[in-house]
Structure formats: C-alpha cells, structure tokens
Protein chains: 2
Amino acid sequence: MPSSSSQPQRTGRPARISRAEILAAANSVIDAEGVAKLTMRRLATELGCTPMALYHHVRDKEDLLRLLLNEYADQVAWPDLPEEPRERVRVAARAMHDVLAARPWIVEILTADDLLGVSALWVSESIVDGFVAGGLPLDRAAQAYRVIWHYTAGDLIVRARSARRAAEDRPTFRAQVFADLDADSFPRLAALGSDYLSLAAQDTYDLGLAALIDGLLRSA
Amino acid sequence: MPSSSSQPQRTGRPARISRAEILAAANSVIDAEGVAKLTMRRLATELGCTPMALYHHVRDKEDLLRLLLNEYADQVAWPDLPEEPRERVRVAARAMHDVLAARPWIVEILTADDLLGVSALWVSESIVDGFVAGGLPLDRAAQAYRVIWHYTAGDLIVRARSARRAAEDRPTFRAQVFADLDADSFPRLAALGSDYLSLAAQDTYDLGLAALIDGLLRSA
DNA sequence: ACCTGAACACCGTTCAAGT
DNA sequence: ACCTGAACACCGTTCAAGT
C-alpha cells in the first residue's frame, strides 16, 4: 500500500489505478446508485481492473469506506458560530445534520464508530462548549451532546430509509394501515388520516432540535 | 403457502417443517448470534432441510423478518398510562424504547417501514394523544410524535451498533482519537478525556426524552 | 402439497503466480 | 510494485423434478 507520493521516483511497475481514482469511482457509484450497490467487484469493472487490484490500494472494503468518509470530512467547511450558547448549539447541530444529510450513507458507518474523522470533533467540541456556556456542568454537557447526536442520527436514518423505500414502488405498509384504521381504538390517528403521511414527510429536525436544547438547558 | 389450519384434513404430503418451527429457529439464531447471521441457508441447516424448503413456508427473507416482527409485536403487553399528559407521553415512549431495546435488530427493519405491525399503533396513538392533551394542535402533536420516534430510533441504533462494535475487539477509532487530542483546538473534549467514553456508554434516553417532551410542550 | 438438487447470479477475500 | 486468475467460502433465489 503506497503512502503519499513524496518520493520523486519509485521503483517497480507503474500503477495503472491510483487510490484517488478508486475513491472517485466509488463516490460516483454511490451517488448514482446508492451505497448498497458499491461492491468491490462492481468498482473493479468500473475501473477496468480485476477486483483484486483494488486490494493493492485499500486494505479491505471497510477501509475503503473509511477513506471515503475522511475525504468528505476533510473538505467540509464548518460555519462560524454565534456567541449565544443556545444558538451556538443549534447552529453546530444543524451543520452536522446538513453535512450528513448530503451523504446519508455516512451515517450508517458513523453509528458503528460515531466519529466523522478528526475533523468532525469540531461538532462535538462546539456543542459541548455551548452547553457548558449555557450553564451545564461538563459531564452533563457531554451527555447532552450524546442526546443531540442520537436525535440527529435517528432523524437522518429514518428519513434516508423511508426515502429509499419510497423510491422502490411497492406500496408502503404504513399507507395501507392508515387506509383502514379503527377509529374507536385509535381516534387521534384516525382523525389525522392520510394527513399523517404528509406530516411525516415534513422536516421536523428544527422543531425537535429547538425543543431538545431548551429542555436540556432548563436544569441549568 | 398454507393459510392457518382451519381445515381439519388436507391432502398431499405431510409437512416436515412448519412456519412456526421456522420462526422459532430464526429467533434462536438471532438471539444467539445476531440478525446478521440469520441466512436462509443457515436456517435450513439448523432445521435439517434444504434452503429451498423454507420458501414453501415464507415468501422470501424479507417476509420472514416481517413475520418475526409481527409475532413479537403481538405478544407485547403495553403498560397502562397515567392521566397527566407529560407523563403519558413519557411512559408510552419509554415503553416503545424498552420493547425495541429487547430486540435491537427490529429497529433496523422498522426504520425502513416504521410500523411495528398494527399492534404498535398503540404507541403512536398514545403519544399523539398525550401531546394533544398537553395542549398541542393535532398536526403539531403528530410532528412531535415523529420527533420522539427519531430520537428513540437514533438512541437504539447508535447504542446497538456501538455495543456490537465493542463486542468485536479491534480497538475503536474513538478511543484512539481521545488518547491524543489537541487540547488547544478541543479544550472541552480534552478536559473530558477518557471520561467521555464512560459517559457515552451511560443511558441518556430518559434525560433526552424529558427534555424533548418539555421543549415540545413549551409552545402549548 | 411438500421437498430436493442443481443451477444462476451474486458477494468479500486469500493465495500463488505473472511482469 | 503492481496486477491477474483461479479458487474458497459464502449469499438469496429460480426452476424442474421427485414423492
């Protein structure tokens, strides 16, 4: 596995495919068809090489995904944060949400090891700092950050998956259930009727985020 | 595919494996080794039949998972709810959380089609009703439920996956990052140090839930 | 009606060999 | 050093045939 090319000359056979090319091809497969379609074999045909050629540039598939993630993380420009604690947390959390919403598959990896490379420590630091500035003790602020992260991850995962589900066109079980709902057992849901489906599609991240920050800072 | 056996006599060859046996075997594989290990082939060897025999009792693997989910949902005993709106939402949400925490793999399916069978409408109904009783208009109450669901799903998924990750023993990337952290760039995180890891492991669901309910009902 | 056997179209990855 | 070819140990599922 070659390191970054600081050496002007290297011995041996010249490389036909580079790590950068692999990452670029992987990104384009993911963008076009989703992360589920990214396989080593598919990537190989895309690059015109054998599957095994890839293993000379990345350790394994997990390594490839981590490289993709870091490459993306490094190019993110995080926003400036306002002074006011509540707002600071809100803007930092929203930035995390938006950065991840642009590459939903990343959340699936993050939830396993929840760290968007070192670059993303910016988010944790900012949110913890905002909560401390808002009056929480440090350990409480850290827990508050975890709560924000769980909420953000849940929002992104649920939305990403129901979007994928909607893209396939077999009818959703949910729509079917709401069609014939027992109004005696479930009066509220029956009253909502099919409006529930459009309400569920709306962006509720800000609503929950504001509530969460308010509630978490209340004890301060 | 046979329906439920209301017919006293049926013609043809007697069945060697039943749908109930398949579901039982599937559950025991999942409990012992996780849902990732549940494959049609593995299930077949467990039952002493060929993989294809299973397809006579379930449509496909997704159908099998849905059957497992519904079987579990039907056996859940939901708690009685208190009158006070805030408490009603809290108890219902906590019940949803606990029911799913006992079978974490279910969340992975739910997030695709977010409905725990018809039985689980109890949760949505209770939470929406609690928010309405707390003073929110119906559409707002429905959005508030969605927020609670996203938070709950995120908590469960993040915890389930980091638990799985911890079970494998390759060192987590997170621990490594916290070991050598730049105290100038990330003062709060550096101050937390390795305490962050134990804080992250703690159960923060109630903390966030209470904050969320408070915040969501504030506008009422 | 219920089940088997062989096959198809996939996976990620190892290992020995080629240039 | 970089890549290929063949192979291993898996997947879910279809299809034709057996009892």
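Values in this document were obtained by computation on a predicted structure and should not be read as measured data. Chain naming here is simple, since letters A, B, ... match the order of the sequence lines and numbering starts at 1 in each.
- Atom CZ of B:R140 has 12 or fewer neighbouring heavy atoms from other residues, nucleotides or ligands inside a 6.0 Å radius.
- Residue A:E21 contributes atom CD, which lies 14 Å from atom C1' of D:dC2 at whole-angstrom precision.
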Nucleotides 5-15 of chain D: protein proximity per nucleotide (B base, S sugar-phosphate only, - neither; heavy atom, under 4.0 Å)
B-B---BBBBB

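- A:R19 and A:E71 are not joined by a salt bridge, as no carboxylate oxygen comes within less than 4.0 angstrom of a charged side-chain nitrogen.
- Donor-acceptor pairing under 3.5 Å is recorded for the side chains of B:R146 and A:Y196.
- As a whole-Å value, the separation of B:H56 NE2 from D:dA17 C1' is 13 Å.
- Salt bridge status for B:E46 with B:R42: present, with a side-chain N to carboxylate O gap under 4.0 Å.
- For the pair A:V89 and A:I127, the tightest heavy-atom approach, listed with the atom from each and the gap, is CG2-O, 3.8 Å.
- Taking atom C1' on both nucleotides, C:dA17 is separated from D:dC2 by 13 Å, rounded to a whole Å.
- Base-pair partner of D:dA17: not found among the strands shown (Watson-Crick or G-U wobble, both distances under 3.5 Å).
- At the phosphate of C:dC3, OP1 or OP2 sits under 4.0 Å from a side-chain N or O atom of B:H57.
- In this structure, the side chain of A:S18 engages the main chain of A:E21 through a donor-acceptor pair within 3.5 Å.
- In this structure, C:dC8 and D:dG12 make a Watson-Crick or G-U wobble pair, each of the two defining distances being under 3.5 angstrom.
- One interatomic measurement links the two molecules: CZ of B:R16 to P of C:dC2, which rounds to 13 Å at whole-angstrom precision.
- Taking atom C1' on both nucleotides, C:dA7 is separated from D:dC11 by 14 Å, rounded to a whole Å.
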